[in-house]
Chemist: 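Can you read through this structure? Questions will come right after.
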Amino acid sequence: MTTEQILKLAETCGFGVEPDERLSDGKPLNYWECDEEQLLKFAQQIRKQTIDEILTSLKEVPNPDANRTAINRIMSI
């Protein structure tokens with residue numbers, strides 16, 4: 001996932017964004033705040049998207065038997 005995708009996901013999971021300070025280049029240094037439920041939702045979404053990316057990559061590899069074994073191991077986690 002890109003940095004932008006991770007930050008967008010944090011927003012959709014309900015993290016609060018508060019501009020706290022400014023960096024030396026003038027950009028805001030954002031302070032992220034969330035409760036336990038939001039943090040767990042965020043972590044679960046990161047895990048799901050990472051597994052989806054891995055599965056997509058494995059499907060493109062030419063050895064179908066090895067892919068099936070790897071996919072089954074990942075899905076059982």
Chemist: Could you grab the distance from atom CD of Gln49 to atom CD1 of Ile54, nearest 0.5 Å is fine?
Modeler: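 The CD1 atom of Ile54 is 12.5 Å from CD of Gln49, to the nearest 0.5 Å.
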
Chemist: Who pairs with Glu53 by side chain to side chain contact (heavy atoms under 4.5 Å, CB included), at least two apart in sequence or on another chain?
Modeler: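 For Glu53, the residues satisfying side chain to side chain contact (heavy atoms under 4.5 Å, CB included) (neighbours in sequence not counted) are Met1.
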
Chemist: Donor-acceptor pairs are to be reported for all side-chain atoms of residues 2-11 against protein atoms at under 3.5 Å, with residues two or more places apart or in another chain.
Modeler:
from, atom 1, to, atom 2, distance (Å)
Thr2, OG1, Gln5, N, 3.1
Thr2, OG1, Gln5, OE1, 3.3
Gln5, OE1, Thr2, N, 2.8

Chemist: Could you give the side-chain donor-acceptor pairs of residues 32-42 under 3.5 Å, partners two or more places apart or in another chain?
Modeler:
from, atom 1, to, atom 2, distance (Å)
Asp35, OD1, Glu37, N, 3.2
Asp35, OD1, Gln38, N, 2.8
Gln38, OE1, Asp35, N, 2.7
Gln38, NE2, Gly14, O, 2.8

